[in-house]
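As structure tokens, the structure follows; a few thoughts come after it.
Side chains are part of it too, since the values below use all heavy atoms of this structure and drop only hydrogens, waters and symmetry mates.
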There are 2 protein chains.
Amino acid sequence: MEQTINILKKHGISPSYQRVKIFGYLMETKTHPTAYDIFAKFKSEIPSLSKTTVYNVLSALKEKNLVNEVHIEGHETRFDAEMRQHGHFKCSVCGQVSDLFLTQDLNQILSQKLVIQDIQFNVTGICNQCLTLQNNN
Amino acid sequence: MEQTINILKKHGISPSYQRVKIFGYLMETKTHPTAYDIFAKFKSEIPSLSKTTVYNVLSALKEKNLVNEVHIEGHETRFDAEMRQHGHFKCSVCGQVSDLFLTQDLNQILSQKLVIQDIQFNVTGICNQCLTLQNNN
DNA sequence: TACAATTTTATAATGATTACAAATTTAGAA
DNA sequence: TTCTAAATTTGTAATCATTATAAAATTGTA
Ligand SMILES: [Mn+2]
Ligand SMILES: [Mn+2]
Ligand SMILES: [Zn+2]
Ligand SMILES: [Zn+2]
């Protein structure tokens with residue numbers, strides 16, 4: 001909470017109630033929620049909350065490089081406060097999205113030399129939990 | 001043309017005029033067009049063409065694994081008939097999307113063992129053409 | 001307190017995609 | 001060839017995510 005506020009301040013974002021809530025949530029969760037997920041999560045706690053505010057806050061955070069967007073499938077844009085270089089694994093059974101790191105830098109195995117600003121990668125498959133469930137049936 | 005028709009037939013898709021045109025285009029282009037790009041490209045040649053048909057054809061092709069969707073940024077879904085495992089490079093200056101291959105299999109450098117169905121990766125940066133233009137100014 | 005700037009909110013607009021049902025085309029039986 | 005059923009295409013309307021806009025509420029400061 002205090003920590004969340006400090007990070008926002010340090011990046012020139014004044015820590016309004018909504019911003020602290022949303023950014024705090026993104027810092028602590030690993031679920032890669034969509035804008036709508038975030039809206040739904042806080043709607044009861046902050047009844048006045050507007051979907052527009054969620055989008056506004058997310059776009060401010062993105063602007064200041066405090067969150068990244070994750071694009072796995074068409075439509076759905078997810079948000080992530082984990083800013084280390086990493087990719088994502090989406091389970092095609094349960095739909096969960098988790099972080100995925102590489103044992104080697106992707107930069108180094110690209111077939112072309114290019115000026116690179118960002119790398120994202122997404123893997124689809126079956127998570128270990130769903131796999132276990134499948135095997136026990 | 002004959003080739004395009006054969007591939008469609010082999011995959012159980014009857015080669016209607018629209019399907020041959022759209023799939024043929026996807027086979028020959030490397031631009032990774034959106035549904036709308038495809039619609040715009042053929043609208044004058046096939047005046048009756050409907051956007052719905054473009055979506056129908058694309059979803060049939062996807063179903064039969066003749067094309068893949070490419071998701072780089074939110075909104076835009078692009079289509080690709082290159083079915084070899086590869087990733088994409090999007091130039092942040094000119095917006096072009098090109099294929100990108102790796103010198104090593106991504107599978108092998110994932111930090112976790114997982115059942116994998118699909119891998120996609122997207123790199124953003126500055127293409128060599130835009131880089132040259134920049135340096136000459 | 002008073003006032004300007006910032007932030008939030010509700011509502012409307014936009015753009016991509018899907019749903020739906022009518023119109024057209026195609027393929028095969030008679 | 002003609003007829004008919006199935007497949008395909010088409011136009012329109014609906015839906016969903018996101019952005020635009022302007023009014024309302026909040027905040028910081030004189
Ligand atoms: Mn992540
Ligand atoms: Mn490609
Ligand atoms: Zn799972
Ligand atoms: Zn470029």
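Proximity of a side-chain donor or acceptor of A/His32 to a complementary backbone N or O of A/Val97 within less than 3.5 Å is detected. No donor-acceptor distance shorter than 3.5 angstrom exists from the side chain of B/Lys51 to the backbone of B/Tyr36, with no hydrogens or angles considered. Here the side chain of B/Ser111 pairs a donor or acceptor atom with the backbone of A/Phe101 at under 3.5 angstrom. With hydrogens and angles ignored, the 3.5 Å screen pairs a side-chain donor or acceptor of A/Lys43 with a backbone N or O of A/Leu49. Side-chain atoms of B/Ser92 come within 3.5 Å of backbone atoms of B/Gly125 as a donor-acceptor pair (strictly under, hydrogens ignored).
Annotation: the span from A/Asn6 atom CG to A/Met1 atom CE amounts to 10.5 Å, rounded to 0.5 Å. With values rounded to the nearest 0.5 angstrom, A/Ile72 atom CD1 is found 9.0 Å from A/Gln120 atom CD.
Going from atom NZ of B/Lys9 over to atom C1' of C/dA27 covers 13 Å, rounded to whole Å. Between the C1' atom of C/dT17 and the CD atom of A/Glu73 lies a distance of 15 Å, rounded to the nearest Å.
For A/Thr53, the side-chain hydrogen bond (donor to acceptor under 3.5 Å, both in side chains) criterion is met by no residue, not counting sequence neighbours. A search for salt bridge (charged side-chain N to carboxylate O under 4.0 Å, His left out) contacts involving A/Lys21 returns A/Glu45, not counting sequence neighbours.
Here chain B contacts DNA chain D (any atom closer than 4.0 Å to a heavy atom, that is under 4.0 Å), and the contacts span D/dT8 to D/dT12 from 5' to 3'.
Side chain to side chain, B/Thr132 and B/Asn135 fail the donor-acceptor criterion of an N or O pair below 3.5 Å. Side-chain contact check for A/His71 and B/Asn122: no donor-acceptor pair (N or O, by modelled atom type) lies under 3.5 Å. Of the N and O atoms on the side chains of B/Ser14 and B/Arg19, at least one donor lies less than 3.5 Å from an acceptor on the other residue.
Using cut-offs of 30° and 60° on the angle between ring planes, the pair B/His86 and B/His88 is perpendicular.
Within residues 39-66 of chain A, the residues that place at least one heavy atom under 4.0 Å from DNA chain D are, in residue-number order, A/Thr52, A/Tyr55. Non-hydrogen atoms lying under 4.0 Å from DNA chain D are contributed by B/Ser16, B/Gln18, B/Arg19, all within residues 16-37 of chain B.
For DNA chain D, each stem of at least three Watson-Crick or G-U pairs (distances under 3.5 Å) is given as range with range: C:1-30 with D:1-30.
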